[in-house]
Amino acid sequence: MSFWQKMDQLDRRWIYLTVAAAVILPFLLPTPLPIVITPEARSLFDAVEALPDGCNVMVVYDYYPTTIAECEPIAIAALHHMFRKNCKVITLSNIPYGGPSMAERITRMMGDQYGKTYGVDFVNLGYKYGYVAVLSGMGQSIESIFPTDNSGTPLAQLPLMDSVKNYSDISFIFEIADNATADYWVSIVNAQYGVPIGCGGTAVMAPKFYAYVASGQFVGLLGGMRGAAEYEKLIEIEADATVGMQSQSLVHLVIIGLVVLGNVGYWVGRSQSKRRAA
Amino acid sequence: MSGWELFQVWLVALVTLALFSFMYRDNPVYRVAEHIFAGLTAGYQVGLIWDTIIVQQLWNPMLGGEWWKFVPGVLGVLMFSRLSGKWSWVSRTSLAFVMGTTAGIFLISELHGRVLPQMQDTMLPLDGGDGFGATLLSVIVVLGVLSTLIYFYFSKEHIGTLGAAAKLGIWFIMISFGAHFGYTVMGRVSLLIGRVHFLIEDWIGSFL
């Protein structure tokens with residue numbers, strides 16, 4: 001049996017094992033690799049950097065727990081930048097499964113790190129059903145949509161919300177999404193209320209979101225773990241995404257190798273069959 | 001790490017490994033983990049809908065004096081008529097309301113917020129202003145949009161000039177699929193990295 005015939009009948013579990021090894025190896029033997037900043041990540045960083053100190057921003061956790069690996073490093077990197085600039089952060093989620101609790105956990109963790117006080121420097125509005133009504137309604141009054149925060153405290157008792165009534169009091173929205181809710185932030189909030197939006201999306205969603213960056217509807221974009229690693233580099237921290245990109249690069253090399261091997265094997269097998277037939 | 005946190009880490013790690021075991025072969029441990037996940041999701045959804053819709057948006061406002069909210073409540077109840085063959089036509093009233101409001105809301109927001117801005121972004125100046133590279137990109141964008149649209153025009157046979165443009169459209173679509181596939185691979189690998197990171201740092205780290 002030739003090498004190519006053996007490869008053709010290779011048990012797919014060997015491929016799983018190779019990919020697993022490529023993921024695990026960089027955790028055991030870290031090898032820092034250069035991270036190139038894309039114009040989309042740079043423009044998002046510049047937009048946040050240009051915000052006046054102490055302004056109100058909205059960070060939206062529109063992702064499911066399944067994509068934490070990609071979206072959480074984006075959220076953490078964005079909050080580092082915003083809290084460094086003393087921005088007042090209002091968080092919410094249009095995702096029922098875990099969205100509000102992820103917003104609560106991450107924002108409180110980052111708030112504690114920067115010595116911020118809940119209710120004064122940041123507020124988690126939580127989740128409300130029906131994103132179209134939620135996004136439209138907040139243009140009139142945030143309190144009418146979220147009478148209380150995620151813990152049930154009336155907004156009137158939270159000092160930060162005294163100065164935030166609707167989108168006109170929000171300087172910037174950072175949407176972190178693994179689904180199409182980002183489209184509605186574009187078509188409802190950006191188009192109708194003119195609030196600048198930056199987006200951090202999963203890699204699967206990123207190709208679609210590039211069109212919004214090109215049209216200026218998103219000021220910038222972070223695509224998946226790579227985008228998070230770029231932002232970590234821009235704000236000069238080394239966190240989960242930077243570490244994860246080492247595995248990412250190695251797995252990509254493995255996949256490229258397998259694709260090349262598979263195609264060469266296919267052509268060799270085809271030419272051998274032709275020769276035999278002749 | 002507290003005892004409760006340690007228990008959570010072990011539970012998450014064992015369920016993760018149970019699901020990964022499918023890569024070796026289908027097995028009872030995998031199926032147990034899968035069924036637990038499906039059951040939890042269904043149960044959570046029922047509780048969530050009850051709390052966030054029925055209680056928060058219907059029952060509490062009605063008790064607070066917004067009595068007119070019984071109208072959407074009744075429309076919701078009418079949807080259950082679909083369970084009866086004889087009375088299922090009643091549910092069309094609710095569906096008509098949903099379709100009418102959805103069409104009304106989305107017609108404007110989609111046109112104003114997505115279709116027109118994206119069309120406007122396709123109308124690019126060919127002189128660029130930023131040199132040859134910008135001009136070339138503008139030409140590629142315009143050619144890509146037009147040829148892809150032509151590919152999806154099925155009222156005339158794709159032969160001659162129309163056929164050539166449609167073929168060019170296929171190339172643009174294939175390149176787009178390639179970009180999407182590449183990003184999807186990156187995304188899926190990222191999810192695996194996240195799980196492995198958890199297993200190494202949090203789980204193995206908890207007993208080293």
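Proteins get letters first, then strands, A, B, ... in listed order; numbering begins at 1 in each. For the numbers below, each heavy atom of this structure counts, side chains included, while hydrogens, waters and symmetry mates do not.
The minimum heavy-atom distance between A/A47 and A/V219, with the atom names listed, is CB-CG2, 3.8 Å. The minimum heavy-atom distance between A/A241 and A/A229, with the atom names listed, is CB-N, 3.5 Å. Contact between A/P65 and A/M102 at its shortest, heavy atoms only, is N-CE, 3.8 Å.
No hydrogens or angles considered: a donor-acceptor pair under 3.5 Å links the side chains of A/E232 and A/T242. No side-chain donor from either of B/Y30 and B/R25 sits under 3.5 Å from a side-chain acceptor of the other. For the residue pair A/N94/A/T181, the side-chain donor-acceptor check at 3.5 Å is not satisfied. The closest side-chain donor-acceptor pair between A/N166 and A/S141, if any, does not fall under 3.5 angstrom. Between B/D121 and A/S215, the side chains place no donor N or O within less than 3.5 Å of an acceptor N or O (distance only, hydrogens not considered).
At a 4.5 Å heavy-atom cutoff, the contact between B/Q57 and chain A is made by side-chain atoms alone. Contacts between B/Y24 and chain A at a heavy-atom distance below 4.5 Å involve backbone atoms as well as side-chain atoms. Of the atoms belonging to A/T202, not a single heavy atom falls under 4.5 Å from chain B. Heavy-atom distances place the side chain of A/F27, and not its backbone, under 4.5 Å from chain B. At a 4.5 Å heavy-atom cutoff, the contact between A/D183 and chain B is made by backbone and side-chain atoms alike. Only the backbone of A/T66 comes within contact range of chain B, with heavy atoms under 4.5 Å apart. Contacts between A/Q217 and chain B at a heavy-atom distance below 4.5 Å involve the side chain alone, from C-beta outward. Only the side chain of B/I105 comes within contact range of chain A, with at least one heavy atom under 4.5 Å from a heavy atom of that chain. Using a 4.5 Å cut-off between heavy atoms, A/Y184 touches chain B through its side chain atoms alone. In this structure, the portion of A/V132 lying under 4.5 Å from any heavy atom of chain B is its side chain and not its backbone. In this structure, chain B has no heavy atom under 4.5 Å from any part of A/L17. For a residue to count as touching a neighbouring chain, one of its non-hydrogen atoms must lie under 4.5 Å from one of that chain's; by this rule A/A206 touches chain B with the side chain only. Within the 4.5 angstrom heavy-atom criterion, atoms from both the backbone and the side chain of B/I193 approach chain A. Both the backbone and the side chain of A/Y97 come within less than 4.5 Å of a heavy atom in chain B.
Using bins of under 30°, 30° to 60° and over 60° for the plane-to-plane angle, the ring pair A/Y193/A/Y167 lands in the tilted bin. The aromatic rings of B/F154 and B/H158 sit parallel to each other, their planes meeting at less than 30°, with 60° as the upper class boundary.
Contact count versus chain A (heavy atoms, under 4.5 Å) is highest, among B/I200, B/I53, B/T52, for B/I53. Contact count against chain B (heavy-atom pairs under 4.5 Å) is highest for A/Q248 among A/Q248, A/Q192, A/M245. Of the listed residues (A/A191, A/G130, A/P207, A/G216), the one with the most heavy-atom contacts under 4.5 Å to chain B is A/P207. Ranked by non-hydrogen atom pairs under 4.5 Å with chain B, the options A/R12, A/K208, A/M225, A/R13 are led by A/R13. With chain A as the partner, the residue from B/H112, B/E201, B/H197 showing the most heavy-atom pairs under 4.5 Å is B/H197. Ranking B/F20, B/Y183, B/F106 against chain A, the residue ahead of the rest is B/Y183, based on heavy-atom pairs under 4.5 Å. Ranked by heavy-atom pairs shorter than 4.5 Å toward chain A, the options B/L111, B/L191, B/T184 are led by B/L191. Looking only at heavy-atom pairs under 4.5 Å with chain A, the residue among B/V189, B/T122, B/V115 that has the most is B/V189.
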For this session: Let me see the working for B/W10 and B/F207 under ring pair (Phe, Tyr, Trp, His ring centres under 6.0 Å), right down to the final yes or no.
Result: CA-CA 10 Å; B/W10 271 81; B/F207 53 82; 5.6 Å; yes
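With a 6.0 Å cutoff to the six-membered ring centre and a 45° limit on the axis angle, B/R195 counts as a cation-pi contact of B/F198.
Heavy-atom contacts from other residues, nucleotides or ligands closer than 6.0 Å to CZ of B/R31 number more than 12.
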